[in-house]
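Worksheet: one structure, shown below.
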Amino acid sequence: MIILIRIDYEGDDLKNDLEKLNEIQAKIEKATGGKIEGPYLPQQSTVLLIFHVDRYERLNEAGRLWYAEMARLKLPFVPDTYEIAVTPKEFFG
């Protein structure tokens, strides 16, 4: 399953804050498993992250860690939307 997460940025130093975001993503990837791609700079939002996970619950686990780290480091990233994409096998079982 793939989870596409779009995030907006409300700060002044995107380049340095993206480096901090990468560190957070590495922690989340290590703690929850799966694989995280990005950040990408898409057209519809500031940042796009792609999570490859084996269970939907990984989204909740990663989200709790993400919000805690954003608050701790006071980073100006704000979640916009997310989208779940599954294969037909994952959908139908």
Side-chain angles (χ1 to χ4, degrees):
M1 143 180 351
I2 297 171
I3 303 170
L4 305 165
I5 299 177
R6 292 174 183 83
I7 302 169
D8 283 326
Y9 179 73
E10 298 178 349
D12 299 321
D13 191 1
L14 180 61
K15 185 176 179 181
N16 285 326
D17 287 341
L18 283 175
E19 289 176 17
K20 294 174 189 173
L21 180 64
N22 282 336
E23 293 172 14
I24 292 168
Q25 295 306 107
K27 284 182 184 179
I28 291 171
E29 193 172 37
K30 184 177 179 182
T32 64
K35 178 184 169 196
I36 301 172
E37 290 183 44
Y40 296 102
L41 305 176
Q43 293 177 337
Q44 294 177 338
S45 56
T46 308
V47 177
L48 171 70
L49 299 171
I50 301 172
F51 287 71
H52 297 267
V53 296
D54 59 349
R55 295 181 297 128
Y56 180 78
E57 291 80 15
R58 298 283 191 218
L59 176 64
N60 295 329
E61 294 167 7
R64 286 191 292 275
L65 293 169
W66 192 85
Y67 279 112
E69 288 295 310
M70 289 296 119
R72 185 178 70 81
L73 296 175
K74 297 183 171 126
L75 290 175
F77 291 102
V78 180
D80 183 23
T81 62
Y82 70 91
E83 183 177 348
I84 307 294
V86 297
T87 64
K89 183 177 180 180
E90 289 170 320
F91 185 78
F92 294 109

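Source: prediction; values computed, not measured. Counting from 1, the numbers follow the sequence of the chain as shown.
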Hydrophobic cluster membership, Y82 vs I28, 4.5 Å side-chain cutoff: yes
For A62 against T32, the heavy-atom pair lying closest together: N-CG2, 4.0 Å
Working for salt bridge (charged side-chain N to carboxylate O under 4.0 Å, His left out), residues E69 and R72: CA-CA 5 Å; E69 288 295 310; R72 185 178 70 81; 2.8 Å; yes
Joint cluster assignment, I3 & F91, ILVMFWY side-chain distance < 4.5 Å: yes
Minimum-distance pair of heavy atoms, taken over all atoms of P76 and G11: CG-CA, 3.6 Å
Rounded distance [0.5 Å steps], CD in Q43 versus CZ in R6: 11.0 Å
Atom CG of D12: over 12 foreign heavy atoms under 6.0 Å: no
Side-chain donor/acceptor of E37 to backbone N/O of I50, under 3.5 Å: no
Smallest separation among heavy atoms of G38 and N22, with atom names: O-OD1, 3.9 Å
Side-chain heavy-atom pair I7, D80 within 4.5 angstrom cut-off: no
Same apolar cluster (I L V M F W Y, side chains within < 4.5 Å links), F51/Y40: no
Over all atoms of both residues, closest heavy-atom pair of M1 and E90: N-OE2, 2.6 Å
Residues L59, V53; criterion side-chain contact (heavy atoms from CB on, under 4.5 Å); working and verdict: CA-CA 8 Å; L59 176 64; V53 296; over 6 Å; no
Verdict with supporting geometry, Q25 and W66, side-chain contact (heavy atoms from CB on, under 4.5 Å): CA-CA 8 Å; Q25 295 306 107; W66 192 85; 3.3 Å; yes
4.5 Å side-chain heavy-atom contact, L21 and M70: yes
Transitive ILVMFWY side-chain link Y67 to V78, under 4.5 Å: no
Closest non-hydrogen atom pair between R58 and D54, with its separation: NE-OD1, 3.4 Å
Distance-minimising heavy-atom pair for E29 and G34: CG-O, 3.5 Å
Donor-acceptor pair, side chain of Y9 and main chain of D13, under 3.5 angstrom: yes
Residue pair K27, L65: steps toward the side-chain contact (heavy atoms from CB on, under 4.5 Å) verdict: CA-CA 9 Å; K27 284 182 184 179; L65 293 169; over 6 Å; no
hydrophobic_cluster_shared for V86 and L4, side chain cutoff 4.5 Å: no
Working for side-chain contact (heavy atoms from CB on, under 4.5 Å), residues F77 and L18: CA-CA 9 Å; F77 291 102; L18 283 175; 4.1 Å; yes
E57, CD: over 12 other non-hydrogen atoms inside 6.0 angstrom: yes
